[in-house]
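Step one of this worksheet: look at the structure below.
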Number of protein chains: 2
Amino acid sequence: MILSPKIENFVLHCGEMGSRWGFNRTIGQMVGLLVINEKPLTANEIAEALKISRGNVSMGIKELQSWQLVKVHHIPGDRKEYYSPNGSIWDLANKVFEERRKREIDPTLTLLRDQILNNANSAEEKYAQEQMQSIHDLLETVTKWSAELQRLSPEQLQSLMKLGSSVGKVIDLKDKLLRK
Amino acid sequence: MILSPKIENFVLHCGEMGSRWGFNRTIGQMVGLLVINEKPLTANEIAEALKISRGNVSMGIKELQSWQLVKVHHIPGDRKEYYSPNGSIWDLANKVFEERRKREIDPTLTLLRDQILNNANSAEEKYAQEQMQSIHDLLETVTKWSAELQRLSPEQLQSLMKLGSSVGKVIDLKDKLLRK
DNA sequence: TTGAACTTTCAGTAATTATTGAAAGTTTAA
DNA sequence: TTAAACTTTCAATAATTACTGAAAGTTCAA
């Protein structure tokens with residue numbers, strides 16, 4: 001499997017971005033490769049295209065499955081596994097977003113809930129407690145909000161995002177209504 | 001400078017989360033330490049509290065300044081620099097969010113804009129082109145939306161987030177109004 | 001059951017990233 | 001100016017993370 005320069009360019013870029021998106025270079029490349037190819041690919045094709053070992057592909061696929069980003073196909077009479085992205089670009093982005101929330105926010109929320117239950121026994125600890133409470137409240141708001149967004153249909157979400165600057169007006173309006 | 005167990009616990013947790021938030025363990029600890037302490041700290045105090053070298057603190061501070069997360073104070077008659085968080089918890093979260101958007105989305109958006117201008121010269125490339133267009137559109141929507149959110153006051157943002165499940169209704173309402 | 005065709009695992013190693021600490025740089029008071 | 005009190009830099013090294021490839025595991029047709 002050989003990549004056209006244009007496609008290779010994109011795949012390499014995904015590799016460079018990989019670690020920023022939450023995985024590593026190779027896994028970034030794998031996502032790029034799967035997304036850019038219409039046909040599902042075998043592990044050997046991936047290894048060949050990215051010039052990495054077969055074992056590395058296996059580990060990468062495992063990781064991507066833990067993010068729910070790939071799905072496996074089987075072709076009758078063929079023992080190989082064929083991999084493709086698990087859903088549309090939109091779905092993938094959503095899954096990455098959700099998984100990252102779990103990894104980046106949930107553990108801290110858990111810790112803070114525990115810490116806040118303890119009493120402060122010095123002025124220092126009192127301030128610390130307050131700060132932890134603020135962080136807790138922020139993270140909880142974000143978590144709830146993110147759950148709400150997940151519940152919206154892609155169309156509603158697009159619609160909300162495209163509200164653009166008028167979103168401020170909508171909020172002000174809602175506030176005014178509530179205040180009555 | 002010695003940390004109480006409760007505070008140490010929090011600081012160590014920040015360290016563990018550091019790399020998930022976009023920096024490394026030490027820098028995560030530094031943020032935790034600065035946030036949890038009411039008084040601004042000197043580089044030496046930070047080094048002592050976290051048991052790391054003075055040079056490492058210097059580099060960490062530099063990195064945190066590039067994220068705009070710390071500010072420097074001076075006390076008359078004292079040559080040392082005192083560091084504290086650059087704003088409220090809310091402000092810090094915002095800055096991290098914004099900086100990550102710059103690092104995680106902007107470079108890809110730039111690449112995709114370029115790639116989309118080229119013509120596809122095979123069926124494969126045509127599909128690739130379409131996928132790149134989808135990713136581009138998604139990232140552009142997210143970028144614009146994030147810019148809108150940045151423009152809101154913290155109060156408005158809180159208000160929007162607390163809209164919760166009713167946000168769906170607001171959107172539907174807005175869609176209906178527009179359709180007329 | 002065998003063995004061919006595949007996948008996974010994991011110990012060893014390579015590559016990358018973070019840290020130290022000594023030296024160089026900067027600032028200010030005298 | 002000097003030197004004390006600080007900060008920054010960076011080469012060497014430590015720590016972490018990723019990758020390879022051989023061996024073990026799995027599945028299935030015959």
Side-chain angles (χ1 to χ4, degrees), chain A residues 1 11-12 14-34 40-67 69-84 103-104, chain B residues 1 11-12 14-34 40-67 69-84 103-104:
Chain A
M1 179 150 197
V11 170
L12 292 178
C14 291
E16 280 154 33
M17 299 305 286
S19 54
R20 301 190 181 175
W21 296 339
F23 1 91
N24 65 33
R25 195 178 61 238
T26 300
I27 292 180
Q29 290 179 352
M30 289 177 60
V31 175
L33 185 65
L34 291 173
L41 302 176
T42 64
N44 279 325
E45 284 172 323
I46 295 170
E48 193 194 355
L50 304 180
K51 301 185 175 80
I52 58 176
S53 74
R54 186 60 188 68
N56 200 3
V57 174
S58 181
M59 293 194 302
I61 291 288
K62 203 169 137 197
E63 174 76 3
L64 287 178
Q65 279 168 336
S66 86
W67 287 76
L69 294 177
V70 290
K71 71 181 172 218
V72 183
H73 305 253
H74 287 99
I75 296 183
D78 187 341
R79 308 257 296 264
K80 292 189 281 297
E81 304 204 306
Y82 289 80
Y83 303 101
S84 71
R103 298 180 183 204
E104 295 170 10
Chain B
M1 176 151 199
V11 170
L12 293 178
C14 291
E16 281 154 33
M17 299 304 288
S19 54
R20 300 190 180 174
W21 297 339
F23 1 90
N24 66 31
R25 195 177 62 240
T26 300
I27 293 179
Q29 291 179 353
M30 290 176 58
V31 175
L33 185 66
L34 292 174
L41 302 176
T42 65
N44 279 327
E45 284 172 322
I46 296 171
E48 193 194 355
L50 304 180
K51 301 183 175 83
I52 58 175
S53 74
R54 186 59 188 70
N56 200 3
V57 174
S58 181
M59 293 197 302
I61 292 289
K62 204 170 138 196
E63 174 76 5
L64 287 177
Q65 279 168 334
S66 86
W67 287 76
L69 294 178
V70 289
K71 71 179 172 221
V72 183
H73 306 253
H74 287 99
I75 296 183
D78 187 342
R79 306 256 298 261
K80 292 189 280 297
E81 304 204 305
Y82 289 80
Y83 304 101
S84 71
R103 299 180 183 203
E104 295 170 11

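Convention: sequence-line order gives letters A, B, ...; per-chain numbering from 1.
Met17(A) and Glu104(B) make their closest contact through CE-O, 3.3 Å (heavy atoms, listed as atom of the first residue, atom of the second, distance). Taking every heavy atom of both residues into account, Cys14(B) and Gly32(B) meet most closely at SG-CA, 3.7 Å. A pairwise comparison of heavy atoms in Val72(B) and Tyr83(B) identifies CG2-CE2, 3.7 Å as the closest pair.
Considering only the side chain of Asn56(B), dT19(C) comes nearest among dT9(C), dT19(C), dC6(C). For Arg25(A), counting side-chain heavy atoms from C-beta on, the closest listed nucleotide (dT16(C), dC10(C), dG21(C)) is dT16(C).
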- Query: Stepwise, does the side-chain contact (heavy atoms from CB on, under 4.5 Å) test hold for Glu81(B) with Thr42(B)?
  - Reply: CA-CA 6 Å; Glu81(B) 304 204 305; Thr42(B) 65; over 6 Å; no
- Where do Ser58(A) and Arg54(A) land on the side-chain contact (heavy atoms from CB on, under 4.5 Å) test, with the steps shown first? CA-CA 6 Å; Ser58(A) 181; Arg54(A) 186 60 188 68; 3.9 Å; yes
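Using a 4.0 Å heavy-atom cutoff across all strands shown, Ile61(B) reaches no nucleic acid atom at all.
With Arg20(B) contributing its side chain and Arg103(A) its backbone, the two residues share a donor-acceptor pair below 3.5 Å. Of the possible polar contacts, one joining the Glu48(B) side chain to the Met1(B) backbone as a donor-acceptor pair under 3.5 Å is found.
Between the CD1 atom of Ile75(B) and the C1' atom of dT28(C) there is a distance of 17 Å, given to the nearest Å. As rounded to whole Å, 11 Å separates atom P of dT9(C) from atom CD of Gln65(A). Summarising the geometry, the separation between NZ on Lys80(A) and C1' on dA4(C) is reported as 13 Å, rounded to the nearest angstrom. Spacing between atom NE2 of His74(A) and atom P of dA5(C) amounts to 17 Å, rounded to whole angstrom units. The interatomic distance linking Lys51(B) (NZ) with dT20(C) (C1') rounds to 17 Å, in whole Å. Between Glu63(A) atom CD and dT9(C) atom C1' the separation is 16 Å, expressed in whole Å.
Between Tyr83(A) and Ser19(A), the residue whose closest nucleotide on DNA chain C is further toward the 5' end is Tyr83(A). Place Ala43(B) and Arg79(A) on DNA chain D by their nearest nucleotides, and Ala43(B) ends up nearer the 5' end. Heavy-atom nearest nucleotides on DNA chain C were determined for Asp78(A) and for Gly55(A), and the one closer to the 5' end corresponds to Asp78(A).
The side chain of Asn24(A) contributes no N or O atom lying less than 4.0 Å from OP1 or OP2 of dA15(C).
For DNA chain D, the contact window with chain A, defined by any atom under 4.0 Å from a protein heavy atom, covers dA18(D) to dC28(D) in 5' to 3' order.
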